[in-house]
Q: 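Supplied in structure tokens, the structure appears directly below.
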Amino acid sequence: MAYEKVLGLDSLDLVDCYVYASRAQGHIPKTSSARVSEAAGAEVELLWRLAENESLTSPQWLRLAHLYRNRPDVLASPRIRECFLHRLLDRAGESFEKEERLVREVLITVGADVLPILRERLRTEPLRYFTTCEAAGFMTGEQSRQFLIDLALGMRDGAVTATLLEPLRRRLHADGVGPEGMQRQAPAFRDYALRVLDDTDEFFTAREEALSFLRWGRFALSPRERARMGEIREDLQQLRLVCGETYRRDLVAEVGERFARDLSASALAGPGTPLAVPGVRTFIHDGLFSAERVDRLTASVLVGPWQLSGVLGTSLGSVVSQSVDKNDYGVQRAAVRFLTKLTRPEALEPIRAMGWSQVRDDSVRLTIGWALGAGSQERDCALLRHLGQSATTTATRRVVALSAARLGAWPLLEDLAKTWDSVAAGEAQRLIGQQ
């Protein structure tokens with residue numbers, strides 16, 4: 001936070017990077033809040049504000065989370081404890097991107113006590129809370145692992161599937177076991193992942209995690225299942241971002257060259273500014289082509305606070321729009337996700353351009369619809385409506401409804417609530433009810 005002030009960055013930009021990257025590497029982020037063991041004046045004030053229904057910042061929530069963990073007797077009253085946990089999950093459901101990742105750290109710190117309430121929130125509002133599943137993968141103890149197993153085998157929602165299979169793999173690895181750690185449940189997980197992967201209308205994020213789960217588990221497939229995987233081989237290659245090495249190298253080089261040109265024309269480039277920035281192509285490559293979703297997201301999150309990330313986003317978006325074939329929708333999806341994580345207003349411009357262009361695969365519309373949740377009602381309501389009308393899957397229409405709610409585009413939500421797609425309409429109706 002001190003570096004953020006010195007560098008003139010937005011609040012919590014570097015904190016977000018540090019916390020997210022630390023967890024991705026299996027480390028516990030260090031913070032002075034971890035030493036909070038008494039309810040002193042600052043903590044009492046925060047608890048009072050919580051009782052008064054005032055909003056707290058993420059660092060304040062983290063401070064209370066460490067107090068909860070270190071001194072459970074302070075919040076031992078069932079009434080106070082329930083208030084604390086429910087308000088925390090309210091905050092999680094209202095968060096987006098950076099704030100969402102920081103609230104995840106608060107949930108991890110609080111630990112397994114939050115899981116029963118989280119399970120109920122996921123049951124009633126899966127699209128609003130699906131990212132919170134990731135927190136359980138970083139908790140310790142049997143309760144968090146069982147939470148992920150029960151959720152996977154007892155709930156069928158693509159959004160939730162997308163964020164629970166990787167944490168489950170993480171927990172099993174942390175516990176020193178592989179697929180055999182699932183014991184009798186391994187066949188059920190195998191069949192579950194295969195069903196998700198076979199449904200090409202499902203959330204592509206769920207399908208990419210199902211594919212990673214099957215590869216990790218080294219599950220044997222029957223001849224019939226192998227034949228089916230062969231039928232959708234092209235789509236599986238898009239999920240895995242299978243591209244030739246020359247193609248990757250040339251695309252990354254083109255983005256790097258475009259970035260140098262855009263930077264030279266930018267007001268950010270003063271006299272003597274080096275236009276060839278060491279390491280920038282590594283971030284581009286890892287953000288677009290890393291085999292695992294978490295690695296791609298980490299690369300884009302880390303580069304976000306950089307003062308030139310807006311220029312990089314514009315350059316990347318231009319190259320992807322002009323040079324990436326519509327049939328390479330896996331690269332398009334990765335590029336939109338990269339741009340979204342930059343959280344720069346200028347990075348939304350190429351996303352909007354892609355949204356209005358001819359899109360081959362509906363999953364690209366889904367990623368664009370999600371990104372527009374960080375846009376503006378004035379600029380993006382019409383595009384969201386277009387995405388909803390041109391969508392071919394329920395998954396995309398659900399995401400459009402969530403982004404419309406985040407933008408406060410209630411007329412669009414009301415239209416979505418009347419659509420023939422009963423699942424998407426129900427999603428819109430729930431969001432209208434929370435208005």
Side-chain angles (χ1 to χ4, degrees), residues 15-16 18-39 42-43 46-47 50 56-95 99-123 125 128-152 154-155 160 163-177 181 294:
V15 174
D16 174 31
Y18 170 65
V19 169
Y20 192 79
S22 296
R23 288 294 181 184
Q25 295 179 15
H27 303 309
I28 299 174
K30 296 180 181 180
T31 168
S32 59
S33 295
R35 296 193 293 269
V36 175
S37 58
E38 299 292 340
E43 290 70 44
L46 292 177
L47 291 171
L50 198 64
L56 304 181
T57 65
S58 295
Q60 289 169 339
W61 271 112
L62 189 59
R63 191 170 187 85
L64 286 182
H66 281 289
L67 176 65
Y68 181 91
R69 188 188 65 182
N70 296 337
R71 287 290 304 275
D73 56 303
V74 174
L75 301 174
S77 164
R79 189 175 179 181
I80 296 175
R81 180 176 172 274
E82 289 294 303
C83 173
F84 172 76
L85 295 176
H86 278 284
R87 286 292 308 282
L88 173 56
L89 283 174
D90 288 344
R91 174 62 182 269
E94 297 164 356
S95 302
E99 284 297 325
E100 194 173 58
R101 293 187 290 270
L102 292 171
V103 171
R104 185 186 77 168
E105 183 63 25
V106 180
L107 293 171
I108 295 168
T109 303
V110 168
D113 286 353
V114 79
L115 295 180
I117 302 174
L118 176 55
R119 182 183 290 108
E120 181 60 23
R121 298 286 181 105
L122 284 165
R123 186 185 68 79
E125 300 180 80
R128 185 178 287 275
Y129 286 97
F130 74 97
T131 58
T132 56
C133 295
E134 295 178 346
F138 297 97
M139 297 176 185
T140 56
E142 177 61 26
Q143 189 175 351
S144 59
R145 181 168 70 175
Q146 196 60 47
F147 167 83
L148 292 168
I149 292 174
D150 292 345
L151 200 61
M155 186 174 185
V160 177
T163 53
L164 72 85
L165 290 180
E166 189 276 333
L168 178 60
R169 284 189 290 142
R170 183 183 295 275
R171 276 306 321 275
L172 292 172
H173 178 75
D175 292 345
V177 297
V294 171

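Side-chain atoms are counted along with the backbone in the values below, which use heavy atoms only and exclude waters and symmetry mates.
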Q: Drop me the distance from E43's CD to H66's NE2, to the nearest 0.5 angstrom.
A: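 The CD atom of E43 sits 12.0 Å away from the NE2 atom of H66.
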Q: Does any N or O in the side chain of Y68 come within less than 3.5 Å of the main-chain N or O of R81, such that one atom is a donor and the other an acceptor?
A: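 Side chain of Y68 to backbone of R81: no pair is present.
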Q: With sequence neighbours left out, what residues match R128 under side chain to side chain contact (heavy atoms under 4.5 Å, CB included)?
A: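 Here the qualifying residues are E125, L431, Q434.
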Q: Within this structure, what is the OG1-CE distance for the pair T109 and M139, rounded to the nearest 0.5 Å?
A: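 Reported to 0.5 Å precision, the distance equals 9.0 Å.
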Q: Checking Q146 against R171 for the side chain to side chain contact (heavy atoms under 4.5 Å, CB included) test, could you report, in this order, the C-alpha distance in whole Å, the side-chain angles of both residues, the deciding distance, and whether it holds?
A: CA-CA 10 Å; Q146 196 60 47; R171 276 306 321 275; over 6 Å; no
Q: Check the pair L56, R63 against side chain to side chain contact (heavy atoms under 4.5 Å, CB included), reporting the backbone distance first and the verdict last.
A: CA-CA 11 Å; L56 304 181; R63 191 170 187 85; over 6 Å; no
Q: How far does CE of M155 sit from SG of C133, to the nearest 0.5 angstrom?
A: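 Interatomic distance, M155 CE to C133 SG, rounded to 0.5 Å: 8.0 Å.
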Q: When you check the gap from the basic side-chain N to the acidic O, do R170 and E166 get nearer than 4.0 Å?
A: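 Salt bridge present between R170 and E166.
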Q: Do NZ/NE/NH1/NH2 and the carboxylate oxygens of R145 and E142 come within less than 4.0 Å?
A: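 Salt bridge: yes.
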Q: Between CG of L118 and CG of L85, what distance do you get to the nearest 0.5 Å?
A: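 Nearest 0.5 Å value for the CG-CG distance: 10.5 Å.
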Q: Verify the neighbour count for atom CD1 of I28: are there more than 12 heavy atoms of other residues, nucleotides or ligands below 6.0 Å?
A: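 No, CD1 of I28 has 12 or fewer neighbouring heavy atoms, counting only those of other groups under 6.0 Å.
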Q: Not counting sequence neighbours, which residues clear side chain to side chain contact (heavy atoms under 4.5 Å, CB included) with A152? List them please.
A: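 For A152 the side chain to side chain contact (heavy atoms under 4.5 Å, CB included) partners, ignoring immediate neighbours, are L164, F189, Y192.
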Q: Where is the tightest heavy-atom contact between F147 and L122, given as atom of each residue plus distance?
A: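 Of all heavy-atom pairs spanning F147 and L122, the closest is CZ-CD1, 3.9 Å.
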Q: Is a donor from one side chain sitting under 3.5 angstrom from an acceptor on the other, for R101 and Y20?
A: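 There is no such pair between these side chains.
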Q: Write down the atom of A112, the atom of P116, and the distance for their closest heavy-atom approach.
A: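 In terms of heavy atoms, the two residues are closest at O-CD, 3.6 Å.
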Q: Are D16 and R104 within salt-bridge range, i.e. N to O under 4.0 Å?
A: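 The answer is no: the pair does not qualify as a salt bridge.
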Q: With a 3.5 Å distance limit and no angle check, can you tell me whether N70 reaches the backbone of R35 through a side-chain donor-acceptor pair?
A: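 No, N70 side chain to R35 backbone: no donor-acceptor pair under 3.5 Å.
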Q: Using 30° and 60° as the class limits, which term best fits the ring planes of W61 and F84: parallel, tilted or perpendicular?
A: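 Aromatic pair W61/F84 classed tilted.
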Q: Which heavy atom in A136 sits nearest to a heavy atom in L115, and how many Å separate them?
A: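 Closest pair (atom of A136, atom of L115, distance): CB-CD2, 4.3 Å.
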Q: Quick check: do L64 and L75 have side-chain heavy atoms less than 4.5 Å from each other?
A: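 Sidechains of L75 and L64: no contact.
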Q: Measure across R71 and S37 and return the closest heavy-atom pair with its distance rounded to 0.1 Å.
A: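 Here R71 and S37 meet closest at CG-O, 2.6 Å.
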Q: Nearest 0.5 angstrom please: L50 CG to R87 CZ, how far?
A: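 Answer for the CG-CZ pair, L50 versus R87, is 4.5 Å.
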Q: Considering residues at least two apart in sequence or located in another chain, which fulfil the side chain to side chain contact (heavy atoms under 4.5 Å, CB included) criterion with E99?
A: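 Expected list: L12, S58, R91, S95, L102.
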Q: First locate atom CZ of R23, then atom CZ of F138, and finally report the distance between them rounded to the nearest 0.5 Å.
A: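 The distance works out to 7.0 Å.
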